[in-house]
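Everything below concerns the one structure shown next.
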Amino acid sequence: MDTDDYPQLKTSVPGPRSLSLARDLKASECRGITFTSPEFPVFWESARDAMVWDADGNRFLDLTAGFGVASLGHGHPAVLAALKEQSSRLLHAMGDVHPAAVKVELARLLAEVTPGDLGRAVFGSSGSEAVETALKTAVLATGRPHLLAFEGAYHGLTYGALAATHRADFRQPFEKQIGLSVRHLPFPNPYRPPGGVDAASCGRFCLDRVGEALRADPQVGAILVEPIQGRGGEIVPPDDFLPGLRGLADQHGVLLIADEVYTGFCRSGRWFAVEHWGVVPDLLCLGKAMSNGFPISACVGRPQVMDAWPESTGEAIHTSTFLGHPAGCAMAVSAIREMMRLGLDRMADAKGRFLMERLKPLLERHACVGEIRGRGLLIGIELVRDRARREPDPQAAWRVVAAALRRGLILLSGGPGRNVLSLTPPITITERQLEFAARTLDECLALIGSSKAAGAEAPR
Ligand SMILES: Cc1ncc(COP(=O)(O)O)c(C=O)c1O
């Protein structure tokens, strides 16, 4: 591999410098944060487009877009230029008091690109903060403090968001401090339909549970949903689910909050994943790809919902030091304009189909591949111990992640069972790179010893 757009490894992976940095980090960062093992991680030094260079000079292909952030590719020139221009003039302002002028431009642009009449923004610094803002808005707008969320959901780890996040390992140590009342209901996962129903009826089954929960608890003010579950394992619900949720929210006078921190800004092949189903939520949570690399987020709502906030008379009841950060706003304006110019939604759709075509043969070739699914460039490969029982195989997923890294591919595993290989590359990744990625994943799956004829069971 000697062309510029493929990985090139100069040392073993992780190389000596990464291993030494890992040792140093262990001595100075809380041990609960960065996972280090002899196989993991590599320390990043620089990145451009879909390529990442580590501290040892190894070059990797990034199939994560750095947690779904760098949708336009790492170091996108227009976004970097916006950062340089803005930061050399004004690096910090007073977000809710004397704001940066560029905050106005970003708020206007968000109103333009988001669906329906969504068009009043509250900025923040992380996806979790956007979720927190949505939860506060819901209680202001409805007066009802309880929330419905879904099994498998990931909404972030600050306390309000954590209350809505489902995974037990994130919640359990802090359960006693989680104050918000959230009921988690089954999410319609067609591969693992809840309630013993089949894939075709799981949307209806889950909607019925939502209807029951709304009738049982008049204190519910909002339904919080990821239109496609991201960290929950790239789960695309059946077509009746999102429209059904919209209908139930309207019927019961509760808000529908779409958490598109992961799916937003073209990742799923639409600007926002709700557009696959023609649904307009009351509140939309955004982050990650919005600026292609600066910690900035937003909760965008319908005017009549956002007007539940009392008008600021000098001291906002919800703000933060870095709200509407000038560099973040300038980068986001530039990134969104670039997404429009490139037609990034169509690009994600086309490249997602291209990658899917190349991945589908893995189902035939490797018995451990249970399902390959997704929309756009949000793709999950679910690994199972055996296809009939669909028992998650997190070890296999980890071994593929580690083997892929040694071949120059950066990818993550996710899902509640940690058995789903998650592919969310920069949307600007080339077709040759996608082909390389599919080939390498094929090799890694073969290497972990699960490559055998898929047996009598027909691939799904
Ligand atoms: C759907 C969703 N919501 C919220 C968050 C939290 O965002 P952050 O990590 O920026 O707080 C994430 C992060 O992965 C996410 O995927």
Side-chain angles (χ1 to χ4, degrees), residues 32-34 63-71 122-138 147 149-167 169-171 174 180 182 184 187 189 222-237 242 245 256-268 270-274 276 281 283-300 320 322-323 325 328 331-332 335 374-380 411-416 418 420 422-424:
I33 307 301
T34 307
L63 295 188
T64 73
F67 300 134
V69 168
S71 282
V122 177
F123 292 110
S125 302
S126 68
S128 307
E129 214 180 320
V131 172
E132 305 275 330
T133 306
L135 300 183
K136 283 185 171 180
T137 305
L147 183 75
F150 293 93
E151 290 168 8
Y154 185 87
H155 298 291
L157 301 181
T158 56
Y159 271 120
L162 181 61
T165 289
H166 181 247
R167 244 173 65 186
D169 50 343
F170 290 133
R171 300 172 59 93
F174 312 106
L180 199 70
V182 181
H184 289 97
F187 188 81
N189 177 350
I223 305 168
L224 173 62
V225 66
E226 292 165 85
I228 298 173
Q229 285 193 341
R231 287 195 68 183
E234 283 80 19
I235 298 170
V236 185
L242 262 293
L245 279 187
L256 181 65
I257 307 171
D259 179 350
E260 296 231 26
V261 168
Y262 212 162
T263 49
F265 296 106
C266 308
R267 169 70 42 209
S268 77
R270 297 280 191 280
W271 269 84
F272 301 96
V274 283
H276 287 289
L283 295 165
L284 182 65
C285 302
L286 304 170
K288 288 195 186 281
M290 187 163 102
S291 69
N292 213 55
F294 192 91
I296 183 167
S297 66
C299 170
V300 186
S320 58
F322 294 110
L323 179 145
H325 192 279
M331 286 172 70
R375 286 283 173 97
L377 280 176
L378 182 71
I379 293 178
L411 78 149
L412 292 169
S413 58
R418 302 181 78 166
V420 183
S422 159
L423 309 183
T424 62

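Please read these numbers as outputs of a predicted model, since none were measured by experiment. Remember, it's 1-based here, ligands and their atoms both numbered in the order they're listed.
- The distance from ligand 1 to the heavy atoms of R231 drops below 4.0 Å at these ligand atoms: 14 (O).
- For atom 16 (O) of ligand 1, the nearest protein heavy atom lies closer than 4.0 Å.
- When all heavy atoms are compared, the tightest approach of A138 to I257 is CB-CD1, 4.4 Å.
- No part of F67 comes within 4.0 Å of ligand 1, judged by heavy-atom distances.
- The protein non-hydrogen atom at the shortest distance from atom 13 (C) of ligand 1 is Y154 CE2, 3.4 Å.
- Residue contacts with ligand 1, taken as heavy atom pairs separated by less than 4.0 Å, involve H155 solely via the backbone atoms N, CA, C and O.
- Inter-residue side-chain proximity for F265 and N292 is flagged as unmet; no heavy-atom pair is nearer than 4.5 Å.
- At a heavy-atom cutoff of 4.0 Å, ligand 1 is contacted by no atom of E129, backbone or side chain.
- Contact annotation for E260 and ligand 1: no heavy atom of the residue comes within less than 4.0 Å of the ligand.
- Looking at atom 10 (O) of ligand 1, its nearest protein heavy atom turns out to be G127 N, 2.8 Å.
- Among protein heavy atoms, atom 9 (O) of ligand 1 sits closest to S128 OG, 4.5 Å.
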>> Between F170 and Y154, is the side-chain contact (heavy atoms from CB on, under 4.5 Å) condition met? List the steps.
In response: CA-CA 10 Å; F170 290 133; Y154 185 87; 3.7 Å; yes
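- In the model, R267 has a side-chain atom that pairs as donor or acceptor with a side-chain atom of S71 under 3.5 Å.
- Near K288, the atoms of ligand 1 lying under 4.0 angstrom from a non-hydrogen atom of the residue are 13 (C), 14 (O), 16 (O).
- Set against the non-hydrogen atoms of Y262, the atoms of ligand 1 under 4.0 Å away are 16 (O).
- Taking 4.5 Å as the limit, every side-chain heavy atom of E129 sits out of range of all side-chain heavy atoms of T158.
- No option in T263, I235, N189 other than I235 meets the side chain to side chain contact (heavy atoms under 4.5 Å, CB included) test with Q229.
- When the options H276, E234, E260 are evaluated for a side chain to side chain contact (heavy atoms under 4.5 Å, CB included) with S268, the one that passes is H276.
- Summary of contacts: the protein heavy atom closest to atom 3 (N) of ligand 1 is D259 OD2, 2.6 Å.
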